[in-house]
> 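This is the structure I want to talk about, given as structure tokens.
Here is how names work: the chains are called A, B, and so on, in the same order as the sequence lines, proteins then strands, and each is numbered from 1. Because only heavy atoms are used, hydrogens play no part in the values below, and waters and symmetry mates are left out as well, while side chains stay in.
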Amino acid sequence: MNPLLLLILIPALTMAGIMLAGDVKQARVISAVGMSAQLLFSFVLLYWFYQLRQSGNTDEMVFVSTTVWYPSLNIQLKFGIDGISMSMIMLTSIVTFAGVFVSWQVEYLTKEFFISLILLATGVFGFFISLDLFTMFLFYEVAVIPMYLLIGIWGSGPKEYSAMKLTLMLMGGSALLLVGLLGIYFNSAANGGPLTFDLMQIAKNGLPREAQMFFFPFTFIGFGILGALFPFHTWSPDGHASAPTAVSMLHAGVLMKLGGYGCFRVAMYLMPEAAHAMAWFFIILTTVSVVYGAFGAIWQKDLKYINAYSSVSHCGLVLFALLMMNETATTGALLQMISHGLMTALFFALIGMIYGRTHTRMIDEMGGLMKVIPFVSVLYVFAGLASLGLPGLSGFVAEMTIFVGSFQNVDTFHRVATIVACSSIVITAVYILRVVGILLLGPVRNNHYLELKDAMWFEKLGGVTLLVSIMIIGIAPLWLSNLLREPLAAMLNQLTN
Amino acid sequence: MNLSSEIPLQYMLVLSTLVFFIGLVSIIIRRNLITMLMGIELMLNAVNINFVAFNHYLFPNRLEGHFFTMIIIAIAAAEAAVAIALIINIYRKVGTVSVDDIEELKY
Amino acid sequence: MTWNTLFIMRHEVLLTLLIMYELLADLSDETNRTRMVNVTIAGFFLYMLAGFVPSENAALFGGMYVNDELRVLLKNILSVSTFIVLLQSSGWAKSPIHQGRAGAFYLTLLSTLMGMFFMISAGDFLMLYLGLELATLPLALLASFDKEFRRSAEAGAKLLMSSAVSSAVLLFGLSLMYGIYGTLQMEDIAQMNLNSDIHTIAIIFFISGLGFKLSLVPFHLWTADVYEGSPLPVTTYFSVVSKGAALFTLMLVLYRVFRYQPEEWRMPLYTLSVLTMVVGNLFALRQKNMKRFLAFSSITQAGFMLLGFMNFGRIGMTTIVYFMLIYGLSNLAVFGVLSIIVRATGKESMDDLNGFYSTNPRLGLVMLLSLFSLAGIPPVAGFFGKFFLFTAAASAGMYILVFIAVLNATISLYYYLLVVKAMFINKNETPIPSIQSTFYEKLAIGICLTGILAIGFVSQLYEYIQGLM
Amino acid sequence: MDFSFTILILALPLFSFALLGLTSKSLKADLAGYAGTTSLLVITVLSYLAAWRYFGGGDAEAGFGTTIAMNYLWLNFTDTLQIHIGILLDSLSIMMLVVITTVSLMVHIYSLGYMKGEKGFQRYYAFLSLFTFSMLGLVVATNIFQMYIFWELVGVSSYLLIGFYYERPSAVAASKKAFIVTRFADLGFLIGILMLSFSTGTFDFDALTSPTGPVISQPAGSLFMGLSVTTWAMLFIFMGGAGKSAMFPLHIWLPDAMEGPTPVSALIHAATMVVAGVYLVARLFPIYAMSAPEALDVISYIGSFTSLFAAVIACTQLDIKRVLAYSTLSQIGYMMVALGVSGYGGEAGLGYMASLFHLFTHAFFKALLFLGAGSVIHAVHSNMMTDMGGLRKYMPVTHVTFLIACLTIAGLPPLSGFFSKDEILVAAFEHNKIIFAVQWLVAGITAFYMFRLYFNIFWNRTPEYHHAPHESPVTMTLPLSFLAVASVFAGFVPFHELVTSDGKAFETSFHVLVALPSIAVALVGIGLAYIMYFKQNERPTKLAASISGIYTAAFHKFYIDEIYIFITKGIIFQFISRPVAWFDRHIVDGTMNLIGNTTVAASVVIRRLQSGKVQLYIWFFASGVLLLTLYMLLQ
């Protein structure tokens, strides 16, 4: 059996286990055990991956297994990973692991909560290991739909509205996507061979130029909506603001990465000519995203809104870099995905912890938390520093790779765009420090807060896991960068020819 | 008697079409359910004319059209029976057989 | 006529026996409702199984009656659906207000099924018309079966009036066709492959007549009123079996008889599809009554079904049948839950569902899955059904239509989620109390749920259907 | 020669930071202090060892070479653009190592006394270690990107230390301001790096600054607004340097940064971090000198203006730390001027040498000034000059060392400040007479405000102290004394043999024509200060009143802060951010909501179709059929 299937099997078993669990406590423990196993397994997978590579395996994809599913439509269950998917799998299992621990205290409908959460994660895992557009799309939707329940049931604030908006906008995105995918499918045989959903096969065969020009926008925007592409990002602030902690973590940390990943692996990789022809338009959009998100974040007062806008900015940077279409920038985009995933998950985890204690997310109602809950606060500062791109934390590595990569495009348009995007690092600093200054530092404004308890063990575990991952990437980025870069040469060949 | 030499097929068709639409219009504008039922009969009879005319003029050697007409007549009778039953039901519940009064279900 | 002939017609012959039983039982045994229900369900179960026994393809009665493997499958889909309807209606049929009328109910219901089988097996338009009327007229009676309710009476009257007009229109179309071809034998017509303006008119009239049964916009206006006024089992039957029969018939006629003139029916169906999806969705958005809500939802789904017709080949037919199967099971599951609620509480408003999950988690979950299936969300079967339908449309290059359809699917997700929201999210002081469901009801839901969960993953089913085309 | 031990210079403070940071409060305060100090002592010794080996092993005449002690690949962007983390040793970085470790050690020792009993003592030492690590990493960077990395780290340590008293809103605001202003400057630095590295294809200093290397010898390339790409790149890079070194107009963060603990001000905001800009320019000096002379002119003008501007403001400030802060600005301006007027190689590189020489001496005497001020503040519990006076009696050691420092900065021979400043003036004199005149004037002003400070603290009237001020403990006076000695003798280090633009020694000569006027103007300054501030009198007030316009403007730091607040709060917040937020909520999101609402509204509008009247249904049916037929027939 393909070891990759374990990535789906373990969560599936966990969900079954939770369903059978007797009480809340058991459900909790089962989820924790399941997701720890998943994390462990992804490390094992990483090890195997390296072993394979070291033994001289230079295939584009490894652990490939193909089973024909719907022979008449040529739909296959085709799984396989390369360095990029491997890293995304690592990211997902880390964030899910942390997410489970952070939601330790969910009281209302606990079993259902964990099942939905893990279902979401399953969708994401499935998406990353799929090499067939059909299963990819299937898992994509599996990942999106539990969001509705997770936000609607366990959320806060105008949760029904936000949940509905998020779901509908994302599904609207997948509507575009579906058209794009079908278009790809029916043009996949243009240069001979049978119609196919097989990613690698399509890439090899190539699509006719007119088809690319027509379907690229569908696919790119379809995925882009999930990647918070301006102006289709507005589900993100509302959605995040209403979502429960772990959901925000998973959503911003992982789910939004599906967007970027899809944009690259499907839209750009399969339709390189169209990508080249239309890049300028999307570069403008993403540049706007980057700056606009950052400026938007400055004015917000709700912690989650701040982070949501910041995500718009950072995810905009991902798409921005992808569109630069060179090896360095793309590596940077992928690094940024992972980096942003970890750090925004950490942010949301911490916001959840703060909210759980103070029952408000308005920064001007709080202050001086550093004194009362130092552990949480210090983690928050770290997350903030990672976000503003401090060396030694992951954000710096990603952003610098992006900027250096983007700057390799010599024409004025790209350079100006790059410089504009660069300026986001200053704006980011402004809003991060503003939050840190108001929220954590200064005198304690509310005497009730003096009684607050610092992070519990499970919160610490979740937070520290994320922070350590951020630091590992920040301090020793070379391995990850190489892991991500390894498949790029071949893929970009496709893009540039 | 050879009708075909005297009255062209087109006349028949025009007639049936007219009858058909008269039936339709009477269904749409008449308020009484029973009258509407009569409109339906008109429409069915228009079809009957068609069938018979086609059969006679174009395919005189086969009887499909005639058969069909018979069956339509039979079914029309059944339909009328059912319709009357339902109209009585309506009358019991509503007190009238005016179509304007059966509009509780809407929007 | 040999035994073999009878066996080929086993769907109709055995059904006749069952109808005879109902007739006799209705005449003699008026007191024991429960026994009647049990015997009917058991009998229908055996009948349903018999339908699955393979038989050879044949054309009987000089080509009036045709049976082949595909038609057997279509009939089996309908009979399984009817079986589920019977299971779900058991509680309703047993209720005291139907004292002495259960037999009549089964009698009329099974008669309409008979009519539908004839529609499917028709080798001649005469047969088709007969079947259609047999399937329609008793339905009007069924719609007003709850004669003590004014709404039910109204539903029956409305249905009858409009369906009479629709069948008249269809007949007019048939008469024109007769004038063109000189025959109503389907195979002969298919061979001739004629083209003229009159022919176009005939086809459109025909489509309109069947489109009425299929509830395509603008022929759909009866749907919501009748669905709402009818007793719940009848509504279920309307939305799945009757609709299925109409769809199958339309498909068989268009693909088999008019297979050489596809352009004549594709454009009308394109238009109707767009109209149906959009209008159905817009109406469904603000419905509060569950039956009415499901009526508009089923209208929208009919719009989706038309997408399959864009492909003239095997993919088109396969996806239509496949989608109908999935839609049927999903809708039956929704109605199953709803019928349990209605049986226990008599409530059928969406607001009454508030907080449903807290008291009835299992039923809530079933409802969730089946609604997701209707909305086309993976991993339940609806996703596959929709995806393949879209594939069929896209294979004909109709990307704009696909796009409209997917957007509509998104809108439909909105109102399905409204139900989910009511059950899972909204709070309620006095939610529907915990309901104990009977064995029949559980069985019905079990069948549906198995289908919903498994069909997508068992690709053999799809391949099997495709093999029949 | 083996320099592999230098890795410890980086590793130890990092380790110390990690240790103190992780153990935090579980470690006893004293222990934490000693641990930090000990590690720094070791580093200092290692740095001296490195200096001894380097300068001892090389030949001044032939020039000191460049040694790469280690170089690990950290991240590769492309095959040529790679970030290494390594240690580059040349005369410049060795000199910086010595300065940094020395001052840092003094500050570590001093803080043992100064910060005693403060809450977060462990944290303080952790941050100090972090800063030391970052600063050392910066100066030994082998490539410009490594430098950028540590540059940012230095920025954040500065942020953390300025905001050390995080419960004090002013400290929080100051730290934020410092970070954001320098961050803004770093944006320029980053863009500069991008431009430079893409016109040259490398990050490595070796390749970049080699006069025969491809970078400098290549033609200037295309012009943009009259300047070559390299010039633009170097200007952008200088923007980073100007931010860190608080050059006008990016200087505003530095005075505020005095909210941090005084030893921190001494270490970061006087001796080490703020001169990173000077170091940066010096590090890339060959490019500036040979490929971007226009950029060098800009540097000299900005430096010169800043030094005058800051000196004027310093004359009016009452907070003693702020006076010192402006003095720092002014002195860094000197260093920049020196670099700006310098050429490359041999005698022409006098300015370069002078600049670094001044950096070297300034580190000692400015640290001394700050630590002395800290000692005073420690005793008086106030920063304000008005709360002080007559302290010479209470604090003899502080007094004497402070006086030495004042004399040094005033540039009186034979103290070290005289030598370094003199070299700068000579260089300026040879290059640009106007700049020379300005710098000469500033020298006088410097003497004036330093002695204004000195007299106000130690002489003048004695206010009523709540507690009698007392001399600081030995942990504080020891560093003071050491630094005083260093300030006196640092001028005798033969810089022109050790740290020169091309690594080769050259001869300097004594310029009487420059030295005498500068001594004179310093004396005049001191004299003026003596007249006005030695004893309490009315003259300062009168003078201030007579030039009230300039005085008020200078007192308010020429309203630069207000301009900044207007730009940030008024323009960025109100006119960009707020509209963006509004736009997002109401236009972008509004559109999405509008789509939803329109759909629902449409749903309500068309509900009349379903009128409940069966005849209308039939009518729709019929017209539907007919329309469809018509459509098909007309097609």
Side-chain angles (χ1 to χ4, degrees), chain A residues 19 67-73 75 77 108-109 111-112 119 122-123 126 134-135 137-146 148-149 151-155 159-160 163-165 167-187 195 197 211 214-215 218 222, chain C residues 314-315 318-319 357-358 361 364-365 368 372 375-380 383-384 386-388 390-414 416-418 420-426 456-467 469:
Chain A
M19 227 175 270
T67 318
V68 176
W69 192 12
Y70 280 89
S72 56
L73 294 171
I75 293 174
L77 289 169
Y108 179 66
L109 297 179
K111 283 160 80 169
E112 286 83 349
L119 181 65
T122 316
F134 180 81
T135 45
F137 185 67
L138 187 145
F139 282 117
Y140 172 92
E141 298 227 329
V142 167
V144 168
I145 203 69
Y148 179 75
L149 292 176
I151 297 178
I153 301 179
W154 295 276
K159 56 185 184 177
E160 285 105 350
M164 192 60 93
K165 181 167 170 181
T167 317
L168 289 184
M169 283 189 72
L170 294 187
M171 280 299 170
S174 79
L176 292 166
L177 185 57
L178 179 63
V179 177
L181 293 187
L182 287 175
I184 294 174
Y185 172 70
F186 283 108
N187 287 292
L195 293 178
F197 279 112
F214 187 73
F215 293 110
F218 279 98
Chain C
R314 291 167 63 183
I315 295 185
T318 314
T319 51
Y357 184 74
S358 59
L365 196 65
L368 176 84
F372 276 179
I377 303 293
V380 280
F383 170 78
F384 296 87
K386 277 219 174 102
F387 192 95
F388 295 152
F390 297 153
T391 311
S395 71
M398 304 274 182
Y399 292 105
I400 308 285
L401 179 65
V402 173
F403 184 56
I404 297 172
V406 192
L407 280 187
N408 276 293
T410 310
I411 301 176
S412 74
L413 178 65
Y414 167 72
Y416 291 126
L417 284 180
L418 283 184
V420 174
K421 175 176 158 242
M423 293 190 303
F424 284 80
I425 300 173
N426 290 355
F457 294 99
V458 186
S459 59
Q460 284 80 357
L461 183 65
Y462 180 88
E463 301 299 332
Y464 168 71
I465 298 175
Q466 173 133 344
M469 298 304 162

> Look at L195(A), I153(A), T167(A), L176(A) and state which one has the largest set of heavy-atom pairs under 4.5 Å with chain C.
I153(A)

> Checking I75(A) against chain C: side chain, backbone, both or neither under 4.5 Å from a heavy atom?
side chain

> In terms of relative ring orientation, are F137(A) and F387(C) parallel, tilted or perpendicular, with 30° and 60° separating the classes?
tilted

> Nearest 0.5 Å, what's the CZ-OG distance between F186(A) and S395(C)?
4.5 Å

> Is it the case that more than 12 heavy atoms not belonging to Y70(A) sit under 6.0 Å from its OH atom?
yes

> Over 60° means perpendicular and under 30° means parallel, so tell me whether F218(A) and F403(C) are parallel, tilted or perpendicular.
perpendicular

> Nearest 0.5 Å, what's the CD1-CG distance between I411(C) and L168(A)?
9.0 Å

> If you round to the nearest 0.5 Å, how far is CD1 of I377(C) from OH of Y148(A)?
12.0 Å

> Which distance, rounded to the nearest 0.5 Å, do you find between the OG1 of T410(C) and the CG of L170(A)?
10.5 Å

> Verify the ring-centre separation between Y185(A) and F390(C): is it less than 6.0 angstrom?
no

> Could you tell me which non-hydrogen atom of E141(A) sits nearest to which non-hydrogen atom of G376(C), and how far apart they are?
OE1-O, 3.8 Å

> Is A409(C) close to chain A through its backbone or its side chain, or both, or neither, when contacts mean heavy atoms under 4.5 Å?
neither

> Which bit of L418(C) comes within less than 4.5 Å of chain A, counting heavy atoms only: side chain, backbone, both or neither?
both

> Any chance the rings of F215(A) and Y399(C) have centres within less than 6.0 Å?
yes

> Any side-chain heavy atom of E112(A) sitting closer than 4.5 Å to one from F424(C)?
no

> Hey, could you give me the CE/CG distance between M398(C) and L182(A), rounded to the nearest 0.5 Å?
14.0 Å

> At a heavy-atom separation under 4.5 Å, does F383(C) approach chain A through its side chain, its backbone, both, or neither?
side chain

> Between S72(A), G155(A), G152(A), G183(A), which has the largest tally of heavy atom pairs under 4.5 Å with chain C?
S72(A)

> Is it the backbone or the side chain of F214(A) that comes under 4.5 Å from a heavy atom of chain C, or both, or neither?
side chain

> Give the C-alpha distance, both sets of side-chain angles, the deciding distance and a yes or no for side chain to side chain contact (heavy atoms under 4.5 Å, CB included) between L413(C) and I145(A).
CA-CA 10 Å; L413(C) 178 65; I145(A) 203 69; 4.3 Å; yes

> Less than 4.5 Å to any heavy atom of chain A: does that hold for the side chain of F388(C), its backbone, both, or neither?
side chain

> Could you pull out all residues at least two apart from K421(C) that satisfy salt bridge (Lys or Arg N to Asp or Glu O under 4.0 Å)?
none

> Using heavy-atom distances under 4.5 Å, tell me whether L119(A) contacts chain C through its side chain, its backbone, both, or neither.
neither

